[in-house]
Amino acid sequence: FDPSGDPPIFQKSLSSITNDGARVKIPSHEELIFALEQHESGISENLKNIKNLPALLDYETEMGFVLLEDIANGQLSDDNFIPKIGFFMANDFGARSVAIMGEGQSNRYNYWGISKSFPGFTPMSDQMWIPHEFQANAIPCIIIETLVNGEVRQHQTTADLIYTPLQMLQAIQRKYPKAALKKGDLVLTGTPAGVIMSAPRWMMRAAAIIGLDRIDKLKAKIGESEVAKFLQTGDKVTVRGDGLGSVSVTISE
């Protein structure tokens with residue numbers, strides 16, 4: 001994390017959006033490989049010794065915002081520009097095995113986008129809060145949570161967000177300068193601690209010193225004991241935020 005730099009930015013597929021009460025399918029080995037091949041032709045050859053690639057399905061509670069009007073070119077270069085946005089809750093599911101394949105790659109975050117674009121991987125609340133008065137860098141400071149089978153896994157205030165919505169939009173425009181920001185565009189703002197996928201700093205440093213490549217890192221995460229930590233068929237996952245509602249889905253095969 002470098003506070004002077006831009007946040008990780010990537011695009012998600014619209015087909016990942018779903019609503020409350022949906023069933024979210026864990027992608028199969030074939031579906032994971034197909035998604036990776038669409039992005040990096042020939043990658044399946046690197047994974048040929050992994051006979052059953054698990055998804056390593058993980059949750060991320062996130063407050064999101066939606067643009068309520070188009071943003072014209074040049075507006076975001078003005079630090080006093082005030083975007084008109086409404087806020088909602090979402091669960092940013094990800095297949096961590098796919099994201100790991102971006103380790104060491106120059107386009108690392110593109111793999112994050114692929115890992116989070118499977119059908120149903122963006123459950124969204126069916127309500128939105130719109131402030132009476134818009135401010136350039138204001139957000140609703142609320143507690144957001146993730147519950148898995150009723151157990152609280154994530155619990156943190158959005159007051160800890162690192163970037164404001166205006167800064168996020170400016171960063172998006174820098175990465176995708178030719179993409180117009182339009183009314184209805186959705187932005188997810190990031191997740192607090194408590195996700196399943198984690199690694200201590202000492203382990204990350206050790207991996208760098210040893211020189212583990214992305215395949216080695218993947219193999220380290222798909223041992224039986226590691227796979228069991230991730231979401232499984234039948235799990236009910238709920239994300240919620242004060243005043244923004246909640247969305248619950250069930251994991252299925």
Side-chain angles (χ1 to χ4, degrees), residues 1-12 14 16-20 58-94 109 112-113 116 121-147 152-176 179-195 237-248:
F1 163 59
D2 178 2
S4 65
D6 284 342
I9 298 169
F10 48 86
Q11 295 175 313
K12 294 189 66 168
L14 284 172
S16 69
I17 293 176
T18 193
N19 55 9
D20 185 58
D58 206 348
Y59 50 76
E60 291 183 12
T61 185
E62 304 200 18
M63 181 175 70
F65 64 85
V66 56
L67 299 186
L68 302 179
E69 62 180 13
D70 295 350
I71 296 178
N73 291 336
Q75 284 185 292
L76 288 174
S77 60
D78 180 0
D79 287 336
N80 294 316
F81 171 66
I82 301 176
K84 292 180 172 59
I85 56 179
F87 297 88
F88 63 93
M89 286 300 301
N91 191 342
D92 190 19
F93 281 121
Y109 298 132
W112 290 23
K116 295 171 174 290
F121 271 31
T122 314
M124 291 171 48
S125 60
D126 59 3
Q127 63 190 77
M128 173 175 60
W129 178 74
I130 300 175
H132 293 296
E133 181 180 347
F134 298 102
Q135 299 180 45
N137 292 302
I139 60 167
C141 293
I142 61 172
I143 296 294
I144 60 175
E145 293 183 314
T146 296
L147 294 86
V152 176
R153 298 283 187 89
Q154 293 181 283
H155 176 96
Q156 196 163 344
T157 172
T158 56
D160 293 331
L161 274 175
I162 297 167
Y163 304 92
T164 69
L166 177 58
Q167 290 172 329
M168 293 180 199
L169 290 169
Q170 290 170 334
I172 290 169
Q173 189 173 68
R174 282 191 289 271
K175 180 161 184 178
Y176 302 110
L181 290 167
K182 296 291 187 179
K183 179 180 179 179
D185 284 348
L186 307 170
V187 179
L188 302 186
T189 62
T191 195
V195 297
V237 187
T238 300
V239 298
R240 63 190 183 190
D242 298 330
L244 298 184
S246 65
V247 56
S248 298

Could you check if a side-chain atom of [X] sits within less than 4.5 angstrom of a side-chain atom of [Y], using non-hydrogen atoms only?
X: V187; Y: P165; answer: no
X: L76; Y: L166; answer: yes
X: R153; Y: V237; answer: no
X: D79; Y: Q170; answer: yes

Checking T158 against I144 for the side-chain contact (heavy atoms from CB on, under 4.5 Å) test, could you report, in this order, the C-alpha distance in whole Å, the side-chain angles of both residues, the deciding distance, and whether it holds? CA-CA 7 Å; T158 56; I144 60 175; 3.8 Å; yes
[X] [atom1] to [Y] [atom2] distance, which is reported to the nearest 0.5 Å:
X: T164; Y: I162; atom1: OG1; atom2: CD1; value: 12.0 Å
X: D160; Y: C141; atom1: CG; atom2: SG; value: 9.0 Å
X: Q11; Y: Y176; atom1: CD; atom2: OH; value: 4.0 Å
X: D92; Y: F121; atom1: CG; atom2: CZ; value: 10.0 Å
X: Q173; Y: L181; atom1: CD; atom2: CG; value: 6.0 Å
X: M124; Y: L188; atom1: CE; atom2: CG; value: 8.0 Å

Which pair of non-hydrogen atoms, one from [X] and one from [Y], has the smallest distance, and what is that distance?
X: A136; Y: F81; value: CB-O, 3.6 Å
X: K116; Y: T122; value: O-OG1, 4.3 Å
X: Q154; Y: T191; value: NE2-OG1, 2.9 Å
X: L161; Y: M63; value: CD1-CE, 3.9 Å
X: W112; Y: F10; value: CE3-CE2, 3.6 Å
X: T238; Y: S246; value: CG2-CB, 4.3 Å

Could you go through the side-chain contact (heavy atoms from CB on, under 4.5 Å) check for I9 and R174 one step at a time? CA-CA 10 Å; I9 298 169; R174 282 191 289 271; over 6 Å; no
Can you name the salt bridge (charged side-chain N to carboxylate O under 4.0 Å, His left out) partners of K175, sequence neighbours left out?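 In terms of salt bridge (charged side-chain N to carboxylate O under 4.0 Å, His left out), with neighbours along the sequence ignored, K175 is linked to no residue.
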side-chain contact (heavy atoms from CB on, under 4.5 Å) evaluation trace for H155 with I143: CA-CA 7 Å; H155 176 96; I143 296 294; 3.4 Å; yes
Distance-only donor-acceptor pairs under 3.5 Å for side chains of residues 65-74, two or more places apart:
residue, atom, partner, partner atom, Å
D70, OD1, K183, N, 2.8

Quick check: does any side chain N or O of D185 sit under 3.5 Å from a backbone N or O of K182, one acting as donor and the other as acceptor?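 Yes.
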Keeping the roles fixed (side chain from D58, backbone from G94), state whether a donor-acceptor pair exists under 3.5 Å.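 Such a contact is absent between D58 side chain and G94 backbone.
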What donor-acceptor contacts under 3.5 angstrom involve side-chain atoms of residues 82-91, with partners at least two apart or in another chain?
residue, atom, partner, partner atom, Å
N91, OD1, E60, N, 3.1

